[in-house]
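Okay, structure first, notes after.
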Amino acid sequence: MPDRNRALITGVTGQDGSYLAELLLNKGYEVHGVVRRSSSMNRGRIDHLQHTNPNHPDGARFVLHYGDMTDSGGLNRLVKTVRPDEIYNLAAQSHVQISFDQPEYTGDADGLGTTRLLEAIRTTGLPTRFYQASTSEMFGLTPPPQSETSPFHPRSPYAAAKLYAHWMTVNYRDAQKLFACSGILFNHESPRRGENFVTRKITRGIAQILAGKTDKLRLGNLDAKRDWGHARDFVEAMWLMLRQDEPDDYVIATGVMRSVREFAEAAFSMAGLEWEKYVVVDEAYLRAADVSELRGDASKAAKRLGWKPKTTFHDLVHEMLENDLQLEGVDPSKHLRKPPAGVSTS
């Protein structure tokens with residue numbers, strides 16, 4: 001097998017993990033993914049990647065391993081066995097609302113899990129470069145635009161656990177001299193987004209309305225404003241961070257903020273529907289402590305990494321809608337309107 005970069009991705013079955021695996025495989029990497037053992041096979045996002053054949057001249061370039069972020073011994077064995085050049089830590093209990101119901105597990109997996117990986121790198125002495133998936137939720141009440149120098153004010157167990165992981169990454173970089181970077185990613189979506197996240201809930205709900213399966217879409221806070229980009233664009237920034245001469249932390253965002261109401265309005269409009277006729281605000285989906293506005297300043301990433309988002313907001317919504325219409329057996333060509341040419345992304 002020819003020499004090539006070897007990457008280990010935790011959370012490879014998730015939205016970001018699947019796009020990152022695609023990116024790295026296309027760049028010639030040998031990719032090792034970590035999956036949790038479960039009675040159900042939740043690998044739909046990466047099934048199309050499991051086509052590498054050991055008899056292929058390039059060998060088996062995509063390999064899966066069982067592992068869990070709460071198991072330090074298992075993570076240590078993985079790092080020692082795989083000996084990765086790069087580790088991308090994307091595994092997490094990543095749903096904000098669920099973190100209020102499972103705060104201890106969220107802290108263990110998202111916070112201590114990162115520490116376990118950093119310790120595995122330190123104790124093995126490998127020159128592994130480490131990427132930590134931080135989140136804009138760490139900013140919480142800090143007013144936008146939020147940059148790398150903005151103060152943090154987490155408003156959920158998820159955000160607090162991620163903040164702990166973020167500072168541990170910084171600490172291992174400073175104290176242990178590891179090449180460790182954090183990407184403070186703002187909201188990023190795609191057709192592979194989990195169905196319990198609001199953007200996917202909207203596009204899947206529209207598809208079910210058009211399929212005649214429901215006539216209502218229940219949502220929470222319509223006034224919450226977020227900075228939405230495409231996950232496919234954002235994983236490229238992760239890779240670019242580990243290409244630099246020196247490790248650092250970067251905000252990754254589009255710089256444009258829209259409310260949940262605006263997302264719903266855009267999506268329903270593309271489907272030829274009036275959103276007010278279908279959307280119902282349900283208190284069951286309101287958070288105990290919400291974050292009002294998140295808008296990132298990614299000028300540092302643009303300057304140092306040469307990174308900018310490629311996918312417009314409207315193209316993102318269209319792609320998600322098209323996917324969900326197809327999943328519901330609805331012909332997109334009969335219902336889905338493309339945004340008019342020249343639509344502004346701001």
Exercise. Should Tyr19 and Arg192 be marked as a side chain to side chain contact (heavy atoms under 4.5 Å, CB included) after you check the CA-CA gap, both sets of side-chain angles, and the distance that decides it?
Worked result: CA-CA 9 Å; Tyr19 281 114; Arg192 301 178 191 176; 3.6 Å; yes
For this session: Using the test salt bridge (charged side-chain N to carboxylate O under 4.0 Å, His left out), find all partners of Glu265 that sit at least two apart in sequence or belong to another chain.
Result: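 So Glu265 forms no salt bridge (charged side-chain N to carboxylate O under 4.0 Å, His left out) with any residue.
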Should [X] and [Y] count as side-chain neighbours, where that means a heavy-atom distance under 4.5 Å?
| X | Y | value |
| --- | --- | --- |
| Leu141 | Val291 | no |
| Ile121 | Ile87 | yes |
| Thr106 | Pro103 | no |
| Ile98 | Asn196 | yes |
| Ile206 | Asp324 | no |
| Thr199 | Trp228 | yes |
| Val251 | Phe186 | yes |
| Glu137 | Arg155 | no |

Show me the donor-acceptor pairs within less than 3.5 Å that the side chains of residues 296-305 make with the rest of the protein, sequence neighbours left out.
residue: Asp297; atom: OD1; partner: Ser299; partner atom: N; Å: 3.1
residue: Asp297; atom: OD1; partner: Ser299; partner atom: OG; Å: 2.9
residue: Lys300; atom: NZ; partner: Asp248; partner atom: OD1; Å: 3.3
residue: Lys300; atom: NZ; partner: Asp248; partner atom: OD2; Å: 3.0
residue: Lys300; atom: NZ; partner: Asp249; partner atom: O; Å: 2.9
residue: Arg304; atom: NH1; partner: Asp248; partner atom: OD2; Å: 2.9

If only atom types and distance count, is the side chain of [X] paired as donor or acceptor with the main-chain N or O of [Y] below 3.5 Å?
| X | Y | result |
| --- | --- | --- |
| Gln15 | His188 | yes |
| Ser99 | Tyr158 | yes |
| Thr128 | Pro84 | yes |
| Thr10 | Ala91 | yes |
| Asp315 | Thr311 | no |
| Asp227 | Ala253 | no |
| Trp307 | Asp233 | yes |
| Lys162 | Ala133 | yes |
| Arg129 | Leu242 | yes |

For this session: Using the salt bridge (charged side-chain N to carboxylate O under 4.0 Å, His left out) rule, pick out the option among Glu189, Glu319, Glu22 that qualifies with Arg232.
Result: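 Among Glu189, Glu319, Glu22, the one meeting salt bridge (charged side-chain N to carboxylate O under 4.0 Å, His left out) with Arg232 is Glu319.
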For this session: List the steps, then state whether ring pair (Phe, Tyr, Trp, His ring centres under 6.0 Å) holds for Phe197 with His95.
Result: CA-CA 8 Å; Phe197 288 83; His95 197 281; 5.0 Å; yes
If the condition is side chain to side chain contact (heavy atoms under 4.5 Å, CB included), which residues does [X] pass it with, not counting sequence neighbours?
| X | answer |
| --- | --- |
| Glu293 | Pro144, Lys225, Met257 |
| Leu112 | Asp108, Arg116, Tyr164 |
| Glu328 | Arg204, Ala207, Gln208, Ala211, Lys213, Val330 |

For this session: Examine Arg258 relative to Phe263 and say whether NZ or CZ is less than 6.0 Å from the centre of the six-membered ring and inside a 45° cone about the ring axis.
Result: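 No; the conditions do not both hold, so Arg258 does not lie above the ring face of Phe263.
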Problem set entry | Face-on cation placement of Arg36 at Tyr66 ring, 6.0 Å and 45° thresholds |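 No.
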Problem set entry | Verdict with supporting geometry, Tyr29 and Glu86, side-chain hydrogen bond (donor to acceptor under 3.5 Å, both in side chains) | CA-CA 10 Å; Tyr29 276 64; Glu86 300 167 9; 2.9 Å; yes
For this session: Grab the two heavy atoms, one from Ala21 and one from Val12, that are nearest each other, plus how far apart they are.
Result: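 Shortest heavy-atom contact: CB-CG2, 4.2 Å.
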For this session: Inspect the contact between Asp223 and Arg261 and indicate whether a charged nitrogen and a carboxylate oxygen are less than 4.0 angstrom apart.
Result: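 Yes.
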For this session: Flag yes if more than 12 heavy atoms outside Arg122 fall under 6.0 Å of its CZ atom; otherwise flag no.
Result: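 More than 12 within 6.0 Å, yes.
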Exercise. For Lys80, does the NZ atom have more than 12 heavy-atom neighbours from other residues, nucleotides or ligands under 6.0 Å away?
Worked result: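 Not more than 12 within 6.0 Å, no.
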Problem set entry | Derivation of the side-chain hydrogen bond (donor to acceptor under 3.5 Å, both in side chains) call for Tyr172 and Glu119 | CA-CA 9 Å; Tyr172 272 74; Glu119 266 296 279; 2.7 Å; yes
Exercise. Do you see a donor-acceptor pair shorter than 3.5 Å between the side chains of His230 and Ser190?
Worked result: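 Checked: His230/Ser190 side chains show no N/O donor-acceptor pair below 3.5 Å.
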Exercise. Taking the six-membered ring for Trp, is the centroid-to-centroid distance between Trp239 and Phe234 below 6.0 Å?
Worked result: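 No.
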Exercise. Is the centre of the Phe139 ring less than 6.0 Å from the centre of the Phe152 ring?
Worked result: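 Ring centres of Phe152 and Phe139 closer than 6.0 Å.
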For this session: Before giving the answer on side-chain hydrogen bond (donor to acceptor under 3.5 Å, both in side chains), spell out for Gln93 and Asp110 the whole-Å C-alpha distance, their side-chain angles and the decisive distance to 0.1 Å.
Result: CA-CA 7 Å; Gln93 189 301 100; Asp110 299 11; 5.2 Å; no
Problem set entry | Criterion salt bridge (Lys or Arg N to Asp or Glu O under 4.0 Å) on Arg6 and Glu30, from CA distance to verdict | CA-CA 5 Å; Arg6 183 180 298 142; Glu30 177 184 322; 3.1 Å; yes
Can you list, pair by pair, the side-chain donor-acceptor contacts under 3.5 Å of residues 268-277, counting residues two or more places apart and other chains?
none

Exercise. Between atom OG1 of Thr169 and atom CG of Leu178, what is the distance when rounded to the nearest 0.5 Å?
Worked result: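 Taking OG1 in Thr169 and CG in Leu178, the distance rounds to 9.5 Å.
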